[in-house]
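Structure first, commentary second.
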Number of protein chains: 2
Amino acid sequence: MSPQPRTGLGTNQEAVRRHNLGTLLRHVHRRGQSTRADLTRGMGLNRSTIAGLVTELESLCVVESTDTVGSPRGAGRPSVVVRLAPSGPYVVAVEVGVDRMVVARVGLGGVVHQRATAISSGTEAWQVGSTVASLVREVVDQAPSDAAMVGIGIAVPGLVRRSDGLVRLAPNLEWADVSFGSIVLAALGVEVPVSLANDADLGALAEHERGVAVGVGDLIYVSGNVGVGAGIITGGISLAGAGGYAGEIGHLQFKPGGRPCHCGNRGCWETEVGAHAIAQAISLPTDQVPRLDEVLAGYSRPTRELRAIGTMIGHGLASVINAVNPEMIVLGGYFSALHSLVRDEIEAGVSDRTLSSPFETVSLELPALGADSVLMGAAEMAFEPLFTDPVSALGSAIQDVRTRVAG
Amino acid sequence: MSPQPRTGLGTNQEAVRRHNLGTLLRHVHRRGQSTRADLTRGMGLNRSTIAGLVTELESLCVVESTDTVGSPRGAGRPSVVVRLAPSGPYVVAVEVGVDRMVVARVGLGGVVHQRATAISSGTEAWQVGSTVASLVREVVDQAPSDAAMVGIGIAVPGLVRRSDGLVRLAPNLEWADVSFGSIVLAALGVEVPVSLANDADLGALAEHERGVAVGVGDLIYVSGNVGVGAGIITGGISLAGAGGYAGEIGHLQFKPGGRPCHCGNRGCWETEVGAHAIAQAISLPTDQVPRLDEVLAGYSRPTRELRAIGTMIGHGLASVINAVNPEMIVLGGYFSALHSLVRDEIEAGVSDRTLSSPFETVSLELPALGADSVLMGAAEMAFEPLFTDPVSALGSAIQDVRTRVAG
DNA sequence: TGGAGTTTGTTGTCTGGATCGACCAGTCCG
DNA sequence: CGGACTGGTCGATCCAGACAACAAACTCCA
C-alpha cells in the first residue's frame, strides 16, 4: 500500500501516518478537490481517520475545507469539500529544449500559475543554466509570499542518471556528464530539492497523471523529435532501468546497413523516423528542422514519403508493443502532427507486426496535454516527495522565495 | 514498504501486521535461516517486535527457533536462529515443456523435496493435464501429512493472461485460449490456489530470488528455445504489461524481408537466433532440434555459422538493453550452451550496438540454477501469497493432501 | 578464574494511530 | 413536518510497534 516499496523493510506506525497523509494529498491533487466522503471510500479508511488526516493537512496550509458546495445531490448530509489551499505549496517546472526553454510555476492540482519562455542563446550548460535561473525568478515573482516552494523539476532531452540527476548525454545540446541541477541552483543562489529526468519519461508521467492515460497502468509515451525516445510506465510505476536510461527505443536496430546514426551504428529506428528523416521526406532543409511542427501542420494530405514514414513508425512501435505489452501508446513530439496525416499507415504498421494478444489491448492516442506534457511531468516529479511524506517535504521546502532568489 | 502497492489505498494496523509478518517470512525464505538479530537489522524494526512476529510464525508452524547454533562469533549474547519448519508448508511447481513435463514439491527456502518427470505423449491440453496430475500425486506422496500445500505454480511456454492465468497462445504446444489451471485442478479433484505464468518470466523470477541475480533489481532473463522470449524485472518488480504478455522480444523486427516467422511476419529476431536457426547453422535436421542442447555441448570450437549467430544474439540484445537498461542479462535455454562457444561474438555484438550509458552497467551471465530456473520460478510464484499475507494464505492452503488427491 | 564489556532476549509500559459506536447535523422525500 | 439517509464529531477502545530496564549469554583480558 506504500507507493515505493523498499524491499524487505518493515513498517511502523510513523510510516503509516506519513503514507496515509501523502496518499490523501495525492487524491486531492489528482481530482483538484474531493469530498471527505469520497476520500473515505477511495482510501478504504474510517471516517474519523480521514477527518484527522484532513485536519493535519489543513494545519500544514496545504488544503482547506469549504463547508458546502453548490449541488449536493442525493439524500443525506452533504459532505465537506476538501480543496487545495490557494496559497499552498508550489513547484517550479523547467523544460530544457534544444531551441527554447520553458519555465512555469505550478501549484498543486497541476495549475500553472505563471509561465516564462526564452529562446536559447547558446547550448553551453552555464548559459542555459543562467537563462533558466532568470526565468525562474520571473516566474516566482508574483507568488504569494506565504507559499512554500517544494522543489524544482527539470526535463532534459537526454540520458539522465537516476541516482543523482547527472545528465550523462544530451546529444542535441552537446552535453556530456553535466550536473545541470547544481548549475541552476548555483545561478539561483538557493538550496532547494532539484530533480532531473528525461523528457520522454516526464511526458509519460504527465499523461499518466492528468492526460489521456489517467487510469492506464501500462503506457508508453513516445517522443518523436530529432531523437526518438520513450517514457515507459508499467504497473503504474515508471520504468527507469538500472541507471535511469530506459526508454531509448530510437536505437532499436531497424534497418541493417541503413543510414548512419550519431550513436555510431547504422539503421537505428530514429534514423528512419526522426525529425531529420521526416524533414528529408518532405525536402525541408536541415536548418529548418526546428520549424518542422508548423510545416507539417501546413499539410492537408500526406505525401507518399510521409506515408512510408508512417508505416515505419508503426513497425517500430510494433517491436516495442511486443516487448512491453502496453495498454496505450501516446504519440508525442512530431509524431502528434504526423498522426493526423498518416494515422492509417501507423496503425496498419502496428497491426501488421504485433502479436495478436498484445495487439488486442493496445491503443494509440495523442497527448491530452498537448505541448505541455513534458513541462507538467517535470512539475509532477517535483511534487512527488510531497506525496511520499508531506511533513518532511514541507520541512525542506523554502519560504519567502521571492526575496531569497532576488536578482 | 508494502510489496504490492495498491494505488491510493490507505494503510491500517491490520495491514501493517500482515505485511511485517510476510516480510519476515520472506527474509527467512531467502536466506534459508536467519538470526533474530539479523532480522531486526534487516527489517528496521524493534527487537521486541521481531520477537512477537517470530512467535506468531512459530504458532503457525512455519518457522521454528533453535536456541543456539555452532559458531556464534563476536562478543555478546548469541542470537536465536530462526529456521524453516521441516514440515512447514510447501508448493507444487510444474514446468510444462514441449517434449517433457517436470513437477516438483518445493518447500520454503526453495528446497526440492521430490521431483518427477514425464515425456509428453501428446500435446492436447487434457492429455498434458492428466499427466501433470499424476506427477503431482507422485510428488505429494511422501509429504508429511501435517504439512500444508499452499498452491500450485505452473510454467507454460506461451502467452499467459495475467488476470486469470488463461493460456492465450502456446505455439509449440498448439494451444490457444486454454484454461490449463482448471484442467489440472479438475484432474486432481481438489480446490487449491493455482497460478500460471510464462516460462521466461518465471526464469527471471527464480534467478532474481535465488540465482545469479540476487540483489539485482533490473534484469532480463532471455530464454532461447524454439521461440525466444524474455522475463523482465525492473525495480525489483516483474514487468507484466497490460495483459501479462510483456517480454516477447523474439518478435523484434530484426532483418526486414528475412525468413518467415510463425507470427506471420518476416525477419523477426527469433527466426535468426531461435533453435531452428541454430540447428540450420550446424546442419542439424529439424526433427533433432529437441536434442540441440547435447549436440551443442559436443562442440569444442564454434563454427563460422555459430559465430554469426552469436553476433546476431548480441545485436538483438543490444536493442533490448537500450530500451530497458537492465543491470544484468541472464542467458537461458540454448543461449547458455551458445554462450560458452561464442561468448566473444555475443559480447562484441552487444557492445557494438548499445549506447554507452546503458552498456556501462550491464553484464551477461549464465543462470545459476541451470536447467531448474523455470521450475524454481514456478515455485516462487506459488509461494508469493504466503509473503503477502501468511495468515490468509495458510487459510486457503489445504491439509492432508495425500488422501485428498489420491488417484 | 572472574570481572568488564558487549550483544541479545524478555517483560511491562507507553504511545500513536486507526477503529468503533453513539450521537448529532444536514438534506431529500413523501 | 417527520422519517430515511448520509456524513461529521467525540470519546472509548484496540492494537502494533517503540522504549526502557533488566536478565542472559558470550568474548576478552587481566
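All of these numbers come straight from a predicted model, not from anything done at the bench. Below, chain A is the first sequence line, B the second, and so on; all start at residue 1.
- Residues B:Arg36 and B:Val82 meet the side-chain proximity criterion, which asks for heavy atoms closer than 4.5 Å.
- In this structure, CG of A:Leu21 is placed 14 Å from C1' of C:dG16, rounded to the nearest angstrom.
- Ion pairing between a basic and an acidic side chain is recognised when a charged N comes within 4.0 Å of a carboxylate O; A:Arg30 and A:Glu380 show no such pairing.
- Straight-line distance from the CD atom of A:Glu14 to the P atom of C:dG17: 8 Å, rounded to whole Å.
- Between the side chains of B:Asp146 and B:Ser87, at least one donor-acceptor pair of N or O atoms lies under 3.5 Å.
- Atom CZ in A:Arg18 sits roughly 14 Å away from atom C1' in C:dG16 (whole-Å rounding).
- When the nucleotides D:dC26, C:dT8, D:dG7 are ranked by their closest atom to the side chain of B:Pro78, D:dC26 comes out on top.
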Using atom names, set out every protein N or O paired with an N or O of nucleotides 20-22 of chain C below 3.5 Å, distance rounded to 0.1 Å.
residue: C:dC20; atom: N4; partner: A:Ser48; partner atom: OG; Å: 2.9

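- Residue B:Arg17 contributes atom CZ, which lies 19 Å from atom P of C:dG17 at whole-angstrom precision.
- Atom CD in A:Glu56 sits roughly 9 Å away from atom P in C:dA18 (whole-Å rounding).
- Within the structure, every side-chain polar atom (N or O) of A:Arg77 is placed at least 4.0 Å from both OP1 and OP2 of D:dA4.
- Residues A:Val80 and A:Thr66 are not in side-chain contact: their nearest non-hydrogen atoms beyond the backbone lie 4.5 Å or more apart.
- In this entry the distance linking CD1 of B:Ile50 with P of D:dA18 reads 9 Å, nearest Å.
- Salt bridge annotation for A:Glu384-A:Arg26: present, with a cationic side-chain nitrogen under 4.0 angstrom from a carboxylate oxygen.
- Nucleotide C:dG17 holds its P atom 14 Å from the CE atom of A:Met43, rounded to whole Å.
- Phosphate proximity of C:dA18 to A:Asn20: present, with a side-chain N or O under 4.0 Å from OP1 or OP2.
- Residue B:Asn12 places at least one side-chain N or O closer than 4.0 Å to OP1 or OP2 of C:dT19.
- Nearer the 5' end of DNA chain C, as judged by each residue's closest nucleotide, is the contact made by A:Leu45, out of A:Gly76 and A:Leu45.
- The side chain of A:Val16 lies closest to C:dA18, out of C:dC28, C:dG26, C:dA18.
- Across D:dG7, D:dT9, C:dT6, the shortest atom-to-atom separation from the side chain of A:Arg36 is found for D:dT9.
- Within 6.0 Å of CD in A:Gln399 there are more than 12 heavy atoms belonging to other residues, nucleotides or ligands.
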Decide yes or no on side-chain hydrogen bond (donor to acceptor under 3.5 Å, both in side chains) for A:His27 and A:Thr23, but give the supporting numbers first. CA-CA 6 Å; A:His27 265 91; A:Thr23 305; over 6 Å; no

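- For the pair A:Gln13 CD and C:dG17 C1', the computed distance is 6 Å after rounding to whole Å.
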